[in-house]
Amino acid sequence: MSNAAPAHLGALYPFLYAQPAPVVDAFTAELVVSTAGKLRETAALRAQVLTEQGEALAACARALAVALDTGGRLFAFGNGGSATDAQACADLFAAPPAGYGAPPLSAYALSADVAVLSALANDVGVESVFARQVAAHARPGDVAMGFSTSGNSPNLVAGFDRARRCGMVTVGFSGGGGGRLAEPGAVDHLFVVRSPSVHRIQEAQTTACHVLWELTVAELCGADSRPSAAQGVYADDRYTGTACADR
C-alpha cells in the first residue's frame, strides 16, 4: 500500500505525508544524559535515606502501630507539592493498594480540604491552617505527620507545636539540613533527605513514607521482621499476608 499523497493534498498538507528522519540533535542528546543522571541521583538518594535511617523508620513504625492499633488517627499535612505528598500518604494508610493484605487505617490529609484551608487562611492567617485543624480534631494518641522540603514552613512548625501539646505522636519529613523541624523537641521522629534539590527531596520522601507504611503494617499484622527497612521497596519482599485484611 502506497503512502504517497495525492498531488493536491501533498502540496497543501506536506506535514501529514512527510517521513522525517529521527532527530538526534545536541539538545536531545543532552536531555537524555540529564534525565539518566537525575534517575541515578534519585535512586542513590533513596537508597541512602533508607540505609542510614532504616532503624529510625522501624522505630517510628512501632510507635505508629501502637497508636493506630489503639484507636489513634493519622493527620498528614504540607504545603504545595508537600500537600500532595501528605494526601498520598493519608490515602496509602486509609486505602492500601490491593495485594498487600493490609488493613485500612484511619488517616486524613489536613491539606486536602480547600474550604477549610481557605477559610482559615482568610479569617485567621496562613500560619494557623494546620494548627487550628489539629486543635479541632486531634486527641492524645493520634499521629501528626508533616511534609516539608525545608523544614521551615511556619504553618508546619505551628501544626507540630499544637500536636505536641495535644499529646500526639509527631512525624516529620524534611530536606536539606532539616530546618526548624531538626531543632531539639520539634518532632518525635524526623526523616531528613539531605539534598539541595526540591525534586530529589520529594522523591525520596515518597519512598521513605511508603516504607514507613509497610513497616507499620508489618508491626500490626505480625509479619516476619525485616533486617532492613530498605527491603520494603522491592516487589518480592512486600508484605502479602492476609492475617489482618479484615481488621
Side-chain angles (χ1 to χ4, degrees), residues 49 53 55-90 92-94 105-113 116-117 119-121 123-194 201-202 205 208-209 211-213 215-216 219-220 229:
V49 170
Q53 304 185 53
E55 292 185 7
L57 283 164
C60 182
R62 289 191 289 271
L64 294 189
V66 170
L68 297 172
D69 196 40
T70 54
R73 302 159 298 164
L74 186 151
F75 295 93
F77 48 94
N79 298 289
S82 294
T84 302
D85 292 336
Q87 186 166 355
C89 177
L92 181 61
F93 276 81
L105 301 167
S106 185
Y108 307 86
L110 298 182
S111 44
D113 194 325
V116 171
L117 284 179
L120 288 171
D123 299 341
V124 183
V126 174
E127 292 188 9
S128 301
V129 294
F130 301 134
R132 285 295 186 98
Q133 291 187 78
V134 168
H137 299 298
R139 56 185 180 234
D142 284 340
V143 178
M145 185 176 292
F147 293 80
S148 173
T149 57
S150 68
N152 291 318
S153 301
N155 56 15
L156 207 77
V157 174
F160 276 126
D161 179 64
R162 172 63 70 172
R164 287 195 310 277
R165 287 188 280 143
C166 288
M168 301 176 72
V169 178
T170 53
V171 182
F173 289 87
S174 186
R180 294 176 62 186
L181 294 185
E183 295 176 358
V187 293
D188 299 322
H189 306 272
L190 178 64
F191 304 101
V192 180
V193 179
R194 301 194 181 282
I201 291 170
Q202 290 183 313
Q205 286 179 345
C209 180
V211 170
L212 178 60
W213 168 75
L215 293 171
T216 302
E219 289 289 334
L220 286 168

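Excluded from the calculations below are hydrogen atoms, water molecules and symmetry mates; all remaining heavy atoms, backbone and side chain alike, are included.
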* Asked: Do Asn79 and Phe130 have side-chain heavy atoms sitting under 4.5 Å apart?
  -> yes
* Apply the test side-chain contact (heavy atoms from CB on, under 4.5 Å) to residues Val169 and His189: give CA-CA distance (whole Å), side-chain angles for both, the deciding distance (0.1 Å), then the verdict. => CA-CA 8 Å; Val169 178; His189 306 272; 4.1 Å; yes
* Structure fact -> Rounded to the nearest 0.5 angstrom, the CG-CG distance for Leu156 and Leu181 is 5.5 Å
* Residues two or more places apart in sequence or in another chain: which of them pass side chain to side chain contact (heavy atoms under 4.5 Å, CB included) with Ala109? -> Gln87, Ala90, Ala112
* Does the side chain of Leu64 come within less than 4.5 Å of Trp213's, by heavy atoms? -> no
* Considering non-hydrogen atoms only, spot the tightest contact between Glu219 and Ala65 and give its length. => CB-CB, 3.6 Å
* Asked: Side chains of Cys60 and Val171: does their closest heavy-atom pair fall under 4.5 Å?
  -> yes
* side chain to side chain donor-acceptor pair (under 3.5 Å) partners for Asp188, two or more places apart -> Thr170
* Structure fact -> CG (Leu92) and CG (Asp85) are apart, to the nearest 0.5 Å, by 12.0 Å
* Kindly say whether Val187 contributes a backbone atom to a donor-acceptor pair with the side chain of Arg164 at under 3.5 angstrom? => no
* Student check: side-chain heavy atoms of Phe75 and Val143 closer than 4.5 Å -> no
* Structure fact -> All heavy atoms of Val134 vs all of Gly159, minimum pair found to be CG2-O, 4.3 Å
* Structure fact -> Between Cys89 and Cys209, the two heavy atoms sitting closest are SG-SG, 3.0 Å
* Structure fact -> Heavy atoms of Ala121 and Val129 approach each other most closely as N-CG1, 3.8 Å
* To do: Just do the side-chain contact (heavy atoms from CB on, under 4.5 Å) check on Ile201 and Phe173 with the steps written out, would you?
  => CA-CA 9 Å; Ile201 291 170; Phe173 289 87; over 6 Å; no
* Test item: Ser174 and Leu190 side chains (from C-beta on) under 4.5 Å apart, heavy atoms -> yes
* salt bridge (charged side-chain N to carboxylate O under 4.0 Å, His left out) pairs, two or more places apart, involving residues 166-179 -> none
* Spacing of Leu120 atom CG and Leu110 atom CG [to the nearest 0.5 Å] -> 10.5 Å
* To do: Taking all non-hydrogen atoms of both residues into account, name the closest pair between Ala144 and Met168 and its distance.
  => N-CE, 3.5 Å
* Going by heavy atoms in the side chains, are Arg139 and Cys166 under 4.5 Å from each other? -> no
* Can you name the residues that form a side chain to side chain contact (heavy atoms under 4.5 Å, CB included) with Ala119, not counting sequence neighbours? -> Asp123
* Where Gly177 and Ala182 come nearest, the two heavy atoms and their spacing -> O-CB, 3.9 Å
Solution key, residues 145-153 side-chain donor-acceptor pairs under 3.5 Å, sequence neighbours excluded:
residue	atom	partner	partner atom	Å
Ser148	OG	Ser150	N	3.2
Ser148	OG	Gly151	N	2.7
Ser150	OG	Asn152	N	3.1
Asn152	OD1	Arg180	N	2.8

* Would a line drawn from the ring center of Phe77 to the ring center of Phe160 be shorter than 6.0 Å? -> yes
* Measure the OG-CG distance between Ser106 and Leu74 for me, rounded to the nearest 0.5 Å. => 8.5 Å
* Of all pairs that satisfy side chain to side chain donor-acceptor pair (under 3.5 Å), the ones with a partner from residues 127-137, not counting sequence neighbours -> none
* To do: Side-chain contact test, heavy atoms from C-beta onward, threshold under 4.5 Å: evaluate it for Arg73 versus Tyr108 and give yes or no.
  => yes
* Residues Phe191, Leu57; criterion side-chain contact (heavy atoms from CB on, under 4.5 Å); working and verdict -> CA-CA 8 Å; Phe191 304 101; Leu57 283 164; 3.5 Å; yes
